[in-house]
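Reviewing the structure listed below.
Below, read A as the first sequence line, B as the second, and so on, with proteins coming before strands; counting in each chain starts at 1. Note that this is a predicted model, so its numbers are computed, not measured.
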Amino acid sequence: MSPPSLCPLLAILSTRHPPSAGRLLQLHAHLLTAGLMSSRSPFPLASRLVEALAHSDDPRHSPRPLLHALALLASLPTPPDSASPYNAALRALSLCTDRGLVTRCLPLYCSLLRSARPDHLTFPFLLKACARLQERNYGNAVLGNVLSLGFHADVFVVNAAMHFLAVCSSMAEARKLFDGSHVRDLVSWNTLIGGYVRRGVPREALEMFWRMVGDGAVTPDEVTMIGVVSGSAQLRDLELGRRLHGYVESHGVRCTVRLMNVVMDMYIKCGDLERAKSVFEGIDKKTIVSWTTMIVGYAQFGLMDDARKVFDEMPERDVFPWNALMTGYVQCKRGKEALRLFHDMQEAMVEPDDITMVNLLSACSQLGALEMGMWVHHYIDRRRVSLSVMLGTNLVDMYSKCGNIEKAIRVFKEIPEKNALTWTAMISGLANHGHADVAIKYFQRMIELGLQPDEITFIGVLSACCHAGLVKEGQEFFSLMVSKYHLERKMKHYSCMVDLLGRAGYLDEAEHLVNTMPMEPDAVVWGALFFACRMHGNITLGEKAAMKLVELDPGDSGIYVLLANMYAEANMRKKADKVRVMMRHLGVEKVPGCSCIELNGVVHEFIVKDKSHTDIAAIYDCLHEITLQIEHTANMIDTSMLLAEPCKIVID
DNA sequence: TTAGGGTTAG
């Protein structure tokens with residue numbers, strides 16, 4: 001076939017309106033049969049076929065034509081001497097959601113360098129891929145090529161380079177490029193503003209925005225506004241967020257769904273649910289993101305019934321709204337509903353992801369649902385080669401909270417890359433199981449490894465000291481967290497210390513701490529002090545603590561009961577009776593105690609004197625039997641055993 | 001051809 005006769009075919013293979021992938025594959029098969037793909041002469045045809053295939057379908061949804069294009073490109077007897085087919089493939093690969101496909105950009109660029117010269121289209125695609133893959137070294141080498149080939153004045157290349165630096169290197173590097181560049185457009189500003197927001201430095205982003213507005217060379221568009229409105233949400237600055245929303249409306253910025261979703265998210269984060277709702281209602285064509293954002297909004301305000309209603313009204317759902325609703329249930333401590341939602345999710349054939357698993361494990365921890373937690377563990381094991389640090393941490397926490405500390409330790413040791421959160425979960429687990437010495441050793445090991453403890457790590461360490469009565473060590477940690485680790489002491493740290501000092505009988509020191517702490521003590525702090533007073537028979541201080549507790553929550557029956565018990569223990573019958581009369585007089589009712597147990601994956605709840613369970617007779621028979629056995633065992637037990645460690649745990 | 005939104009552990 002002579003070159004002129006190829007023209008009609010070349011015209012068909014347009015990248016703007018390519019034929020369907022099926023037709024292109026058919027055409028390729030015909031050309032192969034006709035022997036037109038083996039010689040050097042039809043090279044433009046092969047190149048155009050690659051380009052058309054790479055443009056034919058959206059590679060995020062159907063990567064097959066792209067894979068075919070790559071195979072075709074690799075099979076050509078003589079590689080193309082033009083960058084175009086490579087660019088087409090790089091463009092499509094850089095769009096893919098599958099990381100494995102994006103990675104293929106790197107060897108493809110090497111092939112390009114062997115046979116052709118990169119052009120102004122090559123670098124934006126390639127740098128985008130490097131940014132997505134976090135390929136810092138490779139990207140830096142590419143930037144070297146940009147300079148040596150003289151593309152540093154191309155605004156598309158410079159913007160892509162800025163984006164790469166913002167993602168993989170530092171904002172300082174990206175900013176240096178921006179400041180030193182003679183070619184700037186709207187995308188340059190947006191790249192920088194978006195970079196600052198992504199890096200969590202919204203103030204810099206806003207400074208750039210006001211400079212951009214003042215500069216006047218470019219006009220902010222919806223992408224700019226997405227950046228700055230997200231920035232105001234990060235700052236939790238409602239006034240600023242409203243001002244930016246006002247700017248959008250007064251300056252005719254296109255109110256795209258994406259922008260409106262961000263505006264909603266800003267109002268939610270800044271605590272204005274009503275405005276978020278009104279923005280949501282104003283969106284014409286709501287996307288799954290709009291619906292999900294509204295679910296998150298209601299959930300954050302604890303309005304789970306409204307969140308559920310939005311979820312039920314959604315016309316279509318992906319994994320995000322399922323996870324958002326499940327997160328809401330978990331955060332509102334409604335673990336049972338989170339588990340129920342997971343069953344619905346399975347029935348709806350929605351593939352759960354890591355976040356679903358994280359939520360499930362948190363729900364299991366709340367409910368003490370060990371069997372379900374183990375099922376989740378098996379599920380994770382089946383689907384993964386290695387355990388991610390986030391899931392691993394959650395598993396450690398779940399096993400600890402569901403009572404199996406040995407298993408928690410085994411999982412901890414299996415996590416290939418542990419972070420400070422993983423160590424904290426392990427330390428807290430050990431502390432709560434009474435293994436104070438081991439918890440402290442784990443803390444020391446964590447520090448040796450160079451990990452930075454935070455406020456929650458210290459809650460774990462202090463509660464370890466508290467459980468073991470290690471007053472001196474506890475005081476040292478309490479002081480160290482400020483002097484060495486520059487952490488702020490929160491309410492929980494003070495309640496731990498009051499508990500530690502009080503239990504050990506240092507009531508004066510505990511009271512002094514309560515009186516001098518920098519925030520108003522909460523019920524947990526006063527409760528710890530009250531408990532210590534009752535334990536050590538300090539009625540005067542106990543009364544003071546109890547009064548504070550009543551002040552903080554007059555409707556809580558628990559404290560009246562405990563106060564009456566304290567008087568009774570101190571043989572102060574009259575005062576005990578007075579408290580009970582006061583309870584009746586004030587109309588305080590004792591809230592019935594509730595406990596739950598998981599059996600064959602079903603969580604059963606029991607309330608005091610509740611007889612509604614179908615197997616209640618058998619349950620009470622069993623309970624009676626257990627009580628008898630405990631009494632019998634208690635009479636037989638050697639008290640020295642109580643002092644022994646329940647199980648021996650060592651660090652490797 | 002470059003920039004941009006929703007779920008995430010202790």
- Query: Picking from dT2(B), dT1(B), dG4(B), which would you name as closest to the side chain of Glu222(A)?
  - Reply: dG4(B)

- Listed nucleotide nearest any side-chain atom of Val389(A), set dA3(B), dG6(B), dA9(B): dA9(B)

- Task: Write down the distance between CD1 (Ile427(A)) and P (dG10(B)), rounded to a whole number of angstrom.
- Result: 15 Å

- Note on the structure: Exactly one of Thr122(A), Leu126(A), Leu113(A) clears side chain to side chain contact (heavy atoms under 4.5 Å, CB included) with Asn145(A), and that residue is Leu113(A)

- Sidechain N-carboxylate O distance under 4.0 Å for Glu351(A), Arg383(A): yes

- Query: Less than 4.0 Å between a side-chain N and a carboxylate O, is that true for Asp344(A) and Arg340(A)?
  - Reply: no

- Item | Sugar-phosphate only, base, or nothing, as touched by Asp354(A) at under 4.0 Å among non-hydrogen atoms | nothing

- Task: Could you tell me whether Thr457(A) contacts a base, only the sugar-phosphate backbone, or nothing, with contacts defined as non-hydrogen atoms closer than 4.0 Å?
- Result: base

- Task: Just call it for Val262(A): base, sugar-phosphate, or nothing, with non-hydrogen atoms closer than 4.0 Å on any strand.
- Result: sugar-phosphate

- Message: Quick check: any donor-acceptor pair below 3.5 Å linking the side-chain of Asn323(A) to the base of dG6(B)?
- Response: no

- Would you mind classifying the nucleic acid contact of Asp221(A) as base, sugar-phosphate or nothing, using non-hydrogen atoms under 4.0 angstrom? base

- Look only at the side chain of Asp215(A) and the backbone of Arg211(A), and say whether a donor-acceptor pair between them is shorter than 3.5 Å. no

- Query: Given atom CE of Met357(A) and atom P of dT7(B), what is their separation to the nearest angstrom?
  - Reply: 19 Å

- Grab the OH-P distance between Tyr196(A) and dA3(B) for me, whole Å please. 18 Å

- Describe the nucleic acid contact of Gln331(A) in one word from base, sugar-phosphate, nothing, applying a heavy-atom distance below 4.0 Å. sugar-phosphate

- Task: Could you check whether Arg198(A) gets within reach of a base, just the sugar-phosphate, or nothing at all, counting any heavy atom under 4.0 Å?
- Result: sugar-phosphate

- Measure from the side-chain heavy atoms of Val289(A) and tell me the nearest of dG6(B), dT7(B), dG4(B). dG6(B)

- Out of dT8(B), dT1(B), dT2(B), whichever nucleotide has its closest atom nearest the side chain of Met390(A): dT8(B)

- Task: Would you classify Leu361(A) as touching base, sugar-phosphate or nothing, given that sugar-phosphate means primed atoms plus P, OP1 and OP2, and contacts are heavy atoms under 4.0 Å?
- Result: nothing

- Cationic N near anionic O, under 4.0 Å, Arg410(A) to Glu406(A): no

- Phe156(A) on top of dT2(B)'s base, within under 5.5 Å and under 30°? no

- Query: Rounded to the nearest 0.5 Å, what separation is found between the CG atom of Leu367(A) and the NZ atom of Lys333(A)?
  - Reply: 11.0 Å

- Distance in angstrom units between Lys492(A) NZ and dG10(B) C1', rounded: 13 Å

- Message: Whole angstroms only, please: what is the CE-P distance between Met264(A) and dT7(B)?
- Response: 11 Å

- Thr293(A) near the nucleic acid: base, sugar-phosphate alone, or nothing, with a heavy-atom cut-off under 4.0 Å? sugar-phosphate

- Message: Once you apply a heavy-atom cut-off of 4.0 Å, does Thr191(A) come out as touching a base, just sugar-phosphate, or nothing?
- Response: sugar-phosphate

- Message: Just N and O in the side chain of Lys418(A): are any of them under 4.0 Å from OP1 or OP2 of dG10(B)?
- Response: no

- Report yes or no: do Asp397(A) and Ser400(A) form a side-chain donor-acceptor pair below 3.5 Å? no

- Note on the structure: Winner on side-chain proximity to Ile355(A), out of dG10(B), dG6(B), dT7(B), is dT7(B)

- What nucleotide, of dG4(B), dG6(B), dA9(B), holds the atom closest to the side chain of Pro321(A)? dG6(B)

- Message: From C-beta outward on Val296(A), which listed nucleotide comes closest to its side chain: dT7(B), dG4(B), dG10(B)?
- Response: dT7(B)

- Item | No-hydrogen, no-angle side-chain donor-acceptor test under 3.5 Å, Thr356(A) and Asn359(A) | no

- Any donor-acceptor pair under 3.5 Å joining the side chain of Asn190(A) to the base of dA3(B)? yes

- Query: When we call it a touch if two heavy atoms are under 4.0 Å apart, what does Thr224(A) touch: a base, just sugar-phosphate, or nothing?
  - Reply: nothing

- Query: To the nearest Å, how far apart are Leu192(A) CG and dG4(B) C1'?
  - Reply: 14 Å

- Task: Name the nucleic acid region contacted by Asp119(A), choosing base, sugar-phosphate or nothing; use a 4.0 angstrom heavy-atom cut-off, strictly under.
- Result: nothing

- Query: Looking at dG10(B), dT7(B), dT2(B), which one has an atom nearest to any side-chain atom of Pro124(A)?
  - Reply: dT2(B)

- Note on the structure: Between NE2 of His163(A) and C1' of dT1(B) the distance, given in whole Å, is 14 Å

- Output the single nucleotide from dG6(B), dA9(B), dT1(B) whose closest atom is nearest the side chain of Asn419(A). dA9(B)

- State which of dT2(B), dT7(B), dT1(B) makes the closest approach to the side chain of Val187(A). dT2(B)

- Any N or O donor-acceptor pair linking the side chain of Ser290(A) to the base of dG6(B) at under 3.5 Å? no

- Which part of the nucleic acid, if any, lies within contact of Asn394(A), taking any heavy atom under 4.0 Å across all strands shown: a base, the sugar-phosphate backbone alone, or nothing? sugar-phosphate

- Note on the structure: When rounded to whole Å, the CD to P distance for the pair Glu455(A) and dA9(B) reads 16 Å

